[in-house]
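Beneath this line is the structure, given in structure tokens, with notes to follow.
Only a predicted model underlies this, so the values are computations on that prediction, with no experimental measurement involved.
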Amino acid sequence: MEEKREQSDISALLLKWYDMHKRDLPWRESNDPYRVWLSEVILQQTRVAQGWSYYLRFVDKFPNVQSLADADEQEVLKLWQGLGYYSRARNLHAAAKQVIDLFHGRFPDDYASILSLKGVGTYTAAAVSSIAFNAPYAVVDGNVFRVISRLFAVENPIDTTAGKKIITEIAQSLLSLDQPGTYNQAIMDFGSLVCTPTQPRCMECPLQNRCQSFLENRADHFPVTSRKVSVRKRYFHYFHIDHANHTYIQKRKESDIWKNLYEFPLIETAAPMDFLELSQTKAFRDLFPTSAHLSVDHCLNVKHQLTHQLIYTVFYRVIIGEDSEFIPPEGLLTIERENLSHYPVSRLTDKYMEII
Ligand code: SF4
């Protein structure tokens, strides 16, 4: 029950977002199934900006399915020139003839008949039947895979049968039965404009509070694919030094992760290392030339996952007595303890600061 309500909330929010932000595209001016189908075929593997002019040329030359069926194949291919994937043009032409021969010139109005047309797969059949005839079929394209895998933090790779099945089922359960066509266009536009492949605009996303991957701060982890991605393991040892109401931070400068963010003094090692071992390294002695007056109050282990890196981190809280001298090595910034939160830090350091 709760789940059902959550899903209808998501659909309602998507429809509301679409109502305010939908793109003004020429094929949206009509629900004519021929035009919807034409636009869907043109837009496969084609960017909207490029498909736009082709669509206008096609409807100008072939304003209805009869005129397309009557055309010479050469003429269709010529008009298609530059769009690539020429089998799409040939199938388009063949399907127009099917409509004339098998459906008496009337574009079929049910999902199964639309699916039987040459070159039409489940995506196109769902798009045409929902947009032109309000049939309850959810579209599942790359945008939908991405949006749903992030919203529900689907760990199954989207290029596997199991992953596809899960996402298709969720897509169908989210579909607004009152406005399936509008809903399908809404989720696709949302994927193109907000929940984009890279750098999704989560901060302005109306689904933020319902998005599992956002709530877990893992939007960049989805969608998961089965292609093996090599993950680099790194071992970070951070020192949160407490000395006479001060602590020490540094700005990351290298062309590495988190450039220009601040962090505690860091020693990175090539393998896991306990404190005893670490305290004998040159890096540790450079940071703490005289370690007689320091004590480790506590340490915290945090595993942090980035897209291509897994960072095993230990945060050491190091106390240096007020009367003891500590000369920070070059590059470290001395700040008052309570000003720590004024500096931009990585999510990893932020997590630590939330806990302490
Ligand atoms: Fe996509 Fe971010 Fe919105 Fe989640 S919060 S649906 S990841 S844009």
Would you please classify the geometry between the [Y] ring and the [X] ring as parallel, tilted or perpendicular, with 30° and 60° separating the classes?
| X | Y | value |
| --- | --- | --- |
| Phe239 | Phe288 | perpendicular |
| Tyr248 | His243 | parallel |
| Trp258 | His304 | tilted |
| Phe236 | Tyr238 | perpendicular |
| Trp52 | Trp27 | perpendicular |
| Phe315 | Tyr352 | parallel |

Kindly determine whether Gln185 and Asp189 satisfy side chain to side chain donor-acceptor pair (under 3.5 Å), including the steps that lead there.
-> CA-CA 6 Å; Gln185 294 177 89; Asp189 259 21; over 6 Å; no
Please name the residue in the list Thr269, Thr313, Asp256 that meets the side-chain hydrogen bond (donor to acceptor under 3.5 Å, both in side chains) test with Arg234.
-> Asp256
Candidates Glu155, Gln305, Arg150 - the one meeting side-chain hydrogen bond (donor to acceptor under 3.5 Å, both in side chains) with His221 =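 Answer after filtering Glu155, Gln305, Arg150: Glu155.
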Is the side chain of Arg252 donor-acceptor paired with the backbone N or O of Glu263 at a distance under 3.5 Å, no angle test?
-> no
Tell me, do [X] and [Y] make a side-chain contact under 4.5 Å, heavy atoms counted?
| X | Y | result |
| --- | --- | --- |
| Phe190 | Cys205 | yes |
| Glu336 | His246 | yes |
| Ile167 | Ser149 | yes |
| Phe58 | Trp80 | yes |
| Leu306 | Ile257 | yes |
| Thr182 | Lys22 | no |
| Tyr34 | Phe62 | yes |
| Leu294 | Phe326 | no |

What's the shortest heavy-atom distance between [X] and [Y], and which atoms?
| X | Y | result |
| --- | --- | --- |
| Gly51 | Leu43 | CA-CD2, 4.3 Å |
| Ala125 | Tyr111 | CB-CE1, 3.5 Å |
| Asn156 | Gly163 | CB-CA, 3.7 Å |
| Pro200 | Ala219 | CG-CB, 4.4 Å |
| Asn184 | Ala138 | OD1-CA, 3.5 Å |

In terms of side-chain geometry, is the basic nitrogen of Asp350 or Arg347 positioned less than 4.0 Å from the acidic oxygen of its partner?
-> yes
Does the distance from a Lys or Arg side-chain N to an Asp or Glu carboxylate O, for Asp286 and Lys282, drop under 4.0 Å?
-> yes
Apply the test side-chain contact (heavy atoms from CB on, under 4.5 Å) to residues Val128 and Phe107: give CA-CA distance (whole Å), side-chain angles for both, the deciding distance (0.1 Å), then the verdict.
-> CA-CA 10 Å; Val128 176; Phe107 205 95; 4.0 Å; yes
Given Met273 and Ile267, is the side-chain contact (heavy atoms from CB on, under 4.5 Å) satisfied, shown in steps?
-> CA-CA 11 Å; Met273 209 175 265; Ile267 296 176; over 6 Å; no
Evaluation steps, side-chain contact (heavy atoms from CB on, under 4.5 Å), between Val154 and Ile170 = CA-CA 10 Å; Val154 178; Ile170 297 176; 4.2 Å; yes
To the nearest 0.5 Å, how far apart are [atom1] in [X] and [atom2] in [Y]?
| X | Y | atom1 | atom2 | result |
| --- | --- | --- | --- | --- |
| Ser192 | Ile187 | OG | CD1 | 11.0 Å |
| Leu92 | Ser87 | CG | OG | 11.0 Å |
| Ser53 | Ile42 | OG | CD1 | 9.0 Å |
| Leu193 | Glu204 | CG | CD | 10.0 Å |

Give the intermediate values and the outcome of salt bridge (charged side-chain N to carboxylate O under 4.0 Å, His left out) for residues Glu40 and Arg88.
-> CA-CA 11 Å; Glu40 290 297 341; Arg88 284 187 290 164; over 6 Å; no
Sorted by chain and residue number, the ring pair (Phe, Tyr, Trp, His ring centres under 6.0 Å) partners of Tyr262 (sequence neighbours excluded) come out as Tyr343
Apply side chain to side chain donor-acceptor pair (under 3.5 Å) to the pair Thr225 and Asp159, showing each step before the final yes or no.
-> CA-CA 6 Å; Thr225 61; Asp159 52 352; 4.8 Å; no
Under the 4.5 Å side-chain heavy-atom rule for ILVMFWY, direct or indirect, which residues accompany Phe222?
-> Val224
Under 4.5 Å between side-chain heavy atoms, hopping through other hydrophobics if needed: is there a path connecting Leu266 to Leu261?
->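 Yes, Leu266 connects to Leu261 through the hydrophobic network.
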Measure from NZ or CZ of Arg106 to the centre of the six-membered ring of Phe103 and say whether it is under 6.0 Å with the direction within 45° of the ring axis.
->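 Verdict for Phe103: no cation-pi partner in Arg106.
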